[in-house]
Peer 1: 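Just dropping this structure here.
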Amino acid sequence: MTYQEWGVIADSYIPLLGISFIITIVRTSLRQNWATAKQPIFGILLSICFIYGLMWLDQIMTIWPRLGLDYSTHTALALVFVVYFSLQSTKQCFWAIFSMVLYCLLMRYQQYHSVIDIITTSIITLPIIYLVQLKTNQINNNRKS
């Protein structure tokens, strides 16, 4: 495959995660009810607000650039959806993490970000994204019981 074709794949990864999330939410709503889908949507939206808020803060305060790095919005946004799918089941966890590793390798190949950009962004964003997703998942599971 050409460099441009790999670029198309890289640029399609996050939209495909978003579409997969929407399909999952619609299926959940149809099988159970709309109330079951509201909390995961809230968790995703809250996580997205966090990662774009951090991006804005980085642009204002030049946190990553001061270290000679770049905040990877690609990584942070992908992690929002990967964490969501990882919390759904062991099988989904495996595939979500596997796809994220491949995406990170592809980001490197496409020279979107350095390894350290990806790692530092993940270290800062992943705990918050995980806690938000876990909390909304727990709220949702308590409602099902």
Side-chain angles (χ1 to χ4, degrees), residues 1-30 34-143:
M1 290 182 69
T2 67
Y3 183 82
Q4 291 77 17
E5 290 169 331
W6 284 113
V8 170
I9 292 170
D11 293 341
S12 301
Y13 180 69
I14 294 172
L16 286 172
L17 286 174
I19 291 167
S20 297
F21 172 74
I22 291 168
I23 291 169
T24 301
I25 291 301
V26 168
R27 288 177 66 195
T28 300
S29 296
L30 293 174
W34 170 244
T36 309
K38 285 193 299 189
Q39 286 308 116
I41 292 170
F42 179 69
I44 290 288
L45 292 176
L46 196 57
S47 297
I48 290 171
C49 287
F50 165 68
I51 61 131
Y52 279 105
L54 187 56
M55 181 189 76
W56 174 79
L57 187 65
D58 180 52
Q59 288 175 347
I60 300 295
M61 299 180 71
T62 62
I63 300 163
W64 268 262
R66 286 183 192 185
L67 301 170
L69 303 172
D70 184 31
Y71 173 73
S72 175
T73 311
H74 290 100
T75 301
L77 187 55
L79 283 172
V80 168
F81 294 106
V82 166
V83 168
Y84 169 79
F85 288 114
S86 295
L87 290 170
Q88 301 311 303
S89 71
T90 305
K91 183 179 176 183
Q92 284 187 24
C93 181
F94 171 79
W95 288 112
I97 292 171
F98 181 70
S99 74
M100 185 69 193
V101 169
L102 292 178
Y103 181 58
C104 289
L105 292 172
L106 189 52
M107 282 193 290
R108 270 307 306 130
Y109 175 74
Q110 291 296 119
Q111 299 175 350
Y112 289 177
H113 296 285
S114 70
V115 171
I116 197 74
D117 294 339
I118 294 167
I119 290 171
T120 56
T121 300
S122 297
I123 288 170
I124 300 299
T125 59
L126 189 55
I128 303 298
I129 293 168
Y130 177 77
L131 288 173
V132 167
Q133 298 291 330
L134 183 64
K135 187 65 177 169
T136 55
N137 205 28
Q138 288 172 344
I139 291 169
N140 214 26
N141 288 337
N142 289 341
R143 285 191 176 162

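In this text the structure is predicted, and so the values were computed from the model without any measurement. If you read the sequence from its start, that first residue is 1, and numbering goes on from there.
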Peer 1: For Y103, which of I14, I9, V82 qualifies under side chain to side chain contact (heavy atoms under 4.5 Å, CB included)?
Peer 2: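 Only one of I14, I9, V82 forms a side chain to side chain contact (heavy atoms under 4.5 Å, CB included) with Y103, namely I14.
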Peer 1: Using 0.5 Å steps for rounding, measure from the OG1 atom of T62 to the CG atom of L67.
Peer 2: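 Rounded to the nearest 0.5 Å, the OG1-CG separation comes to 9.0 Å.
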Peer 1: Using modelled atom types and a 3.5 Å cut-off, is there a donor and acceptor pairing between side-chain atoms of D117 and backbone atoms of D70?
Peer 2: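 Looks like yes, one N/O pair under 3.5 Å.
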Peer 1: Determine all donor-acceptor pairs shorter than 3.5 Å in which one atom belongs to a side chain in residues 47-58; sequence neighbours excluded.
Peer 2:
{"unit_1": "S47", "atom_1": "OG", "unit_2": "G43", "atom_2": "O", "d": "2.9"}
{"unit_1": "S47", "atom_1": "OG", "unit_2": "Q133", "atom_2": "NE2", "d": "2.9"}
{"unit_1": "D58", "atom_1": "OD1", "unit_2": "I63", "atom_2": "N", "d": "3.0"}
{"unit_1": "D58", "atom_1": "OD1", "unit_2": "W64", "atom_2": "N", "d": "2.8"}

Peer 1: Could you give the distance from NE2 (H74) to CG (L79), rounded to the nearest 0.5 Å?
Peer 2: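 So the NE2 of H74 and the CG of L79 are separated by 13.0 Å.
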Peer 1: Which heavy atom in F42 sits nearest to a heavy atom in T136, and how many Å separate them?
Peer 2: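 Where F42 meets T136 most closely, the heavy atoms are CD2-CG2, 4.1 Å.
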Peer 1: Inspect the surroundings of OH in Y130 and state if more than 12 heavy atoms from other residues, nucleotides or ligands are less than 6.0 Å away.
Peer 2: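 Not buried by this count: 12 neighbours or fewer within 6.0 Å.
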Peer 1: Which heavy-atom pair separates A96 from S86 by the least distance, and what is that distance?
Peer 2: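 Reported closest heavy-atom pair: CB-OG, 3.6 Å.
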Peer 1: Please find the pair of heavy atoms, one from M100 and one from A78, that lie closest to each other, and give the distance.
Peer 2: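 Looking at all heavy atoms of both residues, the closest pair is SD-CB, 3.7 Å.
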Peer 1: State whether the side chain of S72 and the backbone N or O of T75 hold a donor-acceptor pair below 3.5 Å, judged by distance alone.
Peer 2: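 Such a contact is found between S72 side chain and T75 backbone.
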Peer 1: If you measure from OG on S122 to CD1 on I129, what distance do you get to the nearest 0.5 Å?
Peer 2: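 These two atoms lie 8.5 Å from each other.
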Peer 1: Heavy atoms only: give me the nearest A37-P40 pair and the separation to one decimal.
Peer 2: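 Smallest interatomic distance, heavy atoms only, reads O-CD, 3.2 Å.
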Peer 1: Does R108, at its CZ atom, have more than 12 non-hydrogen atoms belonging to other residues, nucleotides or ligands within less than 6.0 Å?
Peer 2: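 Yes, the 6.0 Å shell around CZ holds more than 12 heavy atoms from other groups.
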Peer 1: Could you label the plane-to-plane angle of the W95 and F98 rings as parallel, tilted or perpendicular, counting under 30° as parallel and over 60° as perpendicular?
Peer 2: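 Perpendicular.
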Peer 1: If you take all heavy atoms of A76 and Y71, which pair is closest and at what distance?
Peer 2: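 Looking at all heavy atoms of both residues, the closest pair is CB-OH, 3.5 Å.
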Peer 1: How long is the straight-line distance from OG of S20 back to CZ of F85, given to the nearest 0.5 Å?
Peer 2: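 Nearest 0.5 Å value for the CZ-OG distance: 5.0 Å.
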Peer 1: Got a sec: does the CE of M1 have more than 12 other heavy atoms crowding it under 6.0 Å?
Peer 2: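 More than 12 within 6.0 Å, yes.
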Peer 1: Within this structure, what is the CG-OG1 distance for the pair L77 and T121, rounded to the nearest 0.5 Å?
Peer 2: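 Interatomic distance, L77 CG to T121 OG1, rounded to 0.5 Å: 12.0 Å.
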Peer 1: Drop me the distance from L131's CG to L126's CG, to the nearest 0.5 angstrom.
Peer 2: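 CG of L126 is found 9.5 Å from CG of L131.
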Peer 1: Verify whether the ring centers belonging to W6 and Y3 lie closer than 6.0 Å.
Peer 2: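 No.
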Peer 1: Report yes or no: does Q92 contribute a side-chain atom to a donor-acceptor pair with the main-chain N or O of S89 at less than 3.5 Å?
Peer 2: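 Checking the backbone N and O of S89 against the side chain of Q92, no donor-acceptor pair under 3.5 Å is found.
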Peer 1: Heavy atoms only: give me the nearest A10-Y112 pair and the separation to one decimal.
Peer 2: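 Closest heavy-atom pair between A10 and Y112: CB-OH, 3.7 Å.
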